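Structure record follows, encoded as structure tokens.
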Amino acid sequence: MRFVLSALLAALLAYLAGQYLPWWTIAIAGALSALLIAQRKIFFSFLSAFLAVGLLWFFMAAYIDLRNQHILSHRIGRLFFHRSDHWPALIVTALIGALTAGVGAWCGGLLRNLTSRKKQMTFGKFYSRRS
Amino acid sequence: MTRFIIALLITISFIFLLDHPWGRIPPLGSFFSPQEGFWQNAEPLNRKFPTFTRLPELKDSVEVWLDRRWVPHIFARNRHDLFFMQGYITAMFRLWQMDIETLAAGGQLASIMGPDLLPFDRLQRRKGMVFGAEQKLKAMEADSVTRQILDAYTAGVNAYIQTLTPRNMPLEYKLLHDYPRKWTNLRSALLIEYMADDLTGYSDDREYTNLRRVFTDEQLHQMFPDFPDSSMPIIPSGTAFARPSRINPSVPSDTARARALQSDLTRISDIHPASDYFIGSNNWAVSGDRTAAHVPILCNDPHLALNLPSLWFEIQLHAPGIQVYGVSLPGAPTVIIGFNDSIAWGVTNASRDVKDYYAVHFTGPDKKTYLWKGKKIPATLRIETIQIKGRPSFQDTVAYTVWGPVTFDPDFPDTISHMPYLATHWQALQPSNDLKTFYLLNCAQNYQDYVHAIAYFNCPAQNFVYADKAGHIAIWQQGWFPLRWKDQGKYVMPGDDDHFQWQGYVPVAENPHVVDPPQGFVFSANQHPTDGTYPYYYTGDFFYYRAKRIHDFLAEKSQLTLQDMMHLQNDVFDTRAAEALPLLLAHLPASAIRPSEHAYDSLLRHWDMRVTTQSKAPILFYTWMDSLMHALWDPVLSTAHAIVKAPSMQTTIEWLIRDTSLQFFNQFTRKSVSLSERVTESFHAAMQAIQQMDTGRGLSWGRFRGTDILHLTRLEALSHTRLATPGDGATLNAITSNHGPSWRMIVQLGRQTEAYGVYPGGQSGNPGSAHYDDMINDWLLGRYEPLRMYTPKDRHQPDIEAIMHFAP
């Protein structure tokens, strides 16, 4: 549940950031989603942002591509990948979005651990002292 | 903590990696972002245009209608708003193209493409491109009308640039990691200068100078005749010319000095082949007596370099006093080729020589003073600063003399003539208001208006064909042409002697022209403007075969229809082959043909002289002709031990008809060879070369030659390459590997004007638009689109896809 929640948050923030700010702010969107919603493991923070923003970018691009009937994606495919095909451009788009948000979330998760581990430790000490 | 810092560093480096351009790769992060990068240029097929836009610079409200092909029809209430909107709308569809073409014209490409382009930029500056544009601008801004038009156009382009953000910028800026620059009147002038260079910048004076070292004037006149045996001049032969008001200047007494100029050359031999004529064009107008509809028809197809986005942009301009439809050049206001309610006009290149070189004698390497009429006089030094992407800028000092810029000097040596200092004297560097011609033509109502309009036209000289609804047809060769003595301008001249100057100009009223000739049609195809009886001497680079074909077709048929005109523009009958092949075959003895060559021989003998995409015979013919040209001319020309130019195919063919014993050629070979032997051996050589290519997959002209329509970046992914195309440089449908009919237009001037046109591209310059290249296929197949000039009443026409309102 928390996984889906943080993914939704990452996608929403990444969409808004991308609309008004430079593209790389999707990394901050990923970081925020990991900071605000904790996961059992850092890897899951990474994965939720990775999947969320990867899919977000994929579907945004695919929507544009369908309405354009692949005219430009085929040209970009030929330019960068020597293939007159829309899939390479779509996959690279999704991967760039996914990785950027993913590494952002990784940082966010670690930052959360840094701050919250202190909390846990104090709590632990207090708890152990009681026992 | 350390883990966090490591993660942070990795994240930052990852972003850094994707946010920076690497060599020719754009910043990948922003480029692939669907909200920022190229995806934003992938237009939905049913793109919507804003219905209302506020533009404070406008004086009144303006409407722009886009039709099915996105041709804008601009309805303005005054001249300022009309040209403001032409700038705005042209930028909307073609901004990057305008930007890059003017950067190329002014030698500023290295600033965005890097140091590889530095030599190109230097040559542009040294030819005087920026200087020339400044001269033209001076003349255009001295006239209140053209100044207003230019100012309005510039303001319109800049108003559009203001609306751009990094997200909605043209794709090419994103690819090159570049940003649009502000538009100025000078940039419009640079675009006009660019066309002048394209059409008059070619010069073979230096190659010819090399030839003069070893050949006598008589030999050279045979090799490069002023008037060939066959010609089909624009002004019908036999037309009487008025007595000239000026006399041809006499030849300076010591032209031998021009020969003495040549220093000892490095002994190399490089023969430039006779060029396949490509910067040509056709136009013609037929009077109502010869058409089925009994009204004049005018046709034009300028042959230029084919690129994407296309050189031309179709547009209709409508305001009080002006109502015109046609093609414009993105970057310059007005319609260049088109029609209005009363007249139609078109252009072809006059191809007369208006560019000469002079050898300047500087008194020192600092280029500060030079010799002129026995005295030392100072040169003006112009410092050209060339920005280079990723490097410190480069400064080039160009000396300006009485002749013009010193293009070649020891800092930028001429590798053809090896003369130390060569100045360019070129009509394109003179002040002139060519824009006024187009504005006045856009508004012209009758023949007088047309003559008045073209009188402003200076360079690049054009053949302006004309037809009107009153039933008149006419053609004028218009431009400013120097008065020349015989052979002046063919070779490099001494730069210290005023006898070698141009001796004034041919009076404009005495330029070759003809109105309503008895033959019922006028035409031009870069051929000689006149026969030898024209009172003024001229030289140039003329082409005969297309003119011959147009003449024969139009003279033979009456009751001409629009369909006939479409067929004629797409005609692929090769007159050059038709005149040369019978001669070659007559000298090829049947006994000499090898068994393996029988099939080829039979193909040639049964060829109908048409160059279709499927034809095989033109491959055989041109390979044979090429091999024969080399066999004949290489021994002759290699005696020059320098870079020289070969005589044309026409000269060669006519020569062989006159001199079947090859007397001239045999002077230069060790043993005498007969024409029959030359023809036979070149046939064997050519057929052997063809057998190697003919690997059973079927040889066809379309695939053998092929045509590339390259995007201006030369990126193949944005281009159309290896198109199978018909025609060659000598057919009316004059398609070559990268040149061809850049706009085909046919206008029938009846009560209701009926017009058709097509060009190999599309209205949008965006490679992500369906309108980027949507006319290429029609163009290939010889199909046309109807050209519709609307009035404000037509707003409900089904063809109109979008209506945009603009108001202050």
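Just so you know, these numbers come straight off a predicted model, no measurement behind them.
Looking at B:Leu171, the atoms closer than 4.5 Å to chain A (heavy atoms on both sides) all sit in the side chain, from C-beta outward. For B:Arg47, no part lies under 4.5 angstrom from a heavy atom of chain A. In this structure, the portion of B:Ile10 lying under 4.5 Å from any heavy atom of chain A is its side chain and not its backbone. With a 4.5 Å cut-off on non-hydrogen atoms, B:Phe4 touches chain A through its backbone and its side chain both. At a 4.5 Å heavy-atom cutoff, the contact between B:Asn41 and chain A is made by backbone and side-chain atoms alike.
Between the CG atom of A:Leu114 and the CZ atom of B:Arg3 there is a distance of 9.5 Å, given to the nearest 0.5 Å. Taking CG of B:Asp774 as the start and CD1 of A:Ile71 as the end, the distance is 9.5 Å to the nearest 0.5 Å. One distance of note links CH2 of A:Trp24 with OG1 of B:Thr11; it measures 12.5 Å at 0.5 Å rounding. For the atom pair CZ (A:Arg75) and CD (B:Glu716), the distance works out to 12.5 Å, reported to the nearest 0.5 Å. Taken to the nearest 0.5 Å, the CG atom of B:Asp19 stands 10.0 Å off from the OG1 atom of A:Thr100. Interatomic distance, A:Arg78 CZ to B:Leu715 CG, rounded to the nearest 0.5 Å: 10.5 Å.
Summarising the geometry of A:Tyr15 relative to B:Gln35, their closest heavy-atom pair is O-NE2, 2.9 Å, with the distance given to 0.1 Å. The shortest non-hydrogen separation linking B:Ala7 to A:Leu110 is CB-CD1, 3.4 Å. Across B:Glu36 and A:Pro22, no two heavy atoms sit closer than the pair OE1-C, 3.7 Å. Minimum heavy-atom separation, B:Ser33 to A:Trp23: CB-CB, 4.0 Å. Nearest approach of B:Phe38 to A:Leu72, heavy atoms of both residues: O-CD2, 3.2 Å.
Between chain A and the options B:Gly768, B:Pro27, B:Pro166, B:Ser769, the largest number of non-hydrogen pairs under 4.5 Å is found for B:Gly768. Taking B:Leu175, B:Ile15, B:Ile12 one by one and counting their heavy-atom pairs under 4.5 Å with chain A, the maximum is reached by B:Ile15.
Ring pair A:Phe80/B:Phe31 is tilted by interplanar angle, where 30° to 60° counts as tilted.
Looking at A:Arg67, its side chain never comes within 3.5 Å of a backbone N or O of B:Asn46 through a donor-acceptor pair. Looking only at distances, a side-chain donor or acceptor of A:Asn68 sits under 3.5 Å from a matching main-chain atom of B:Glu43.
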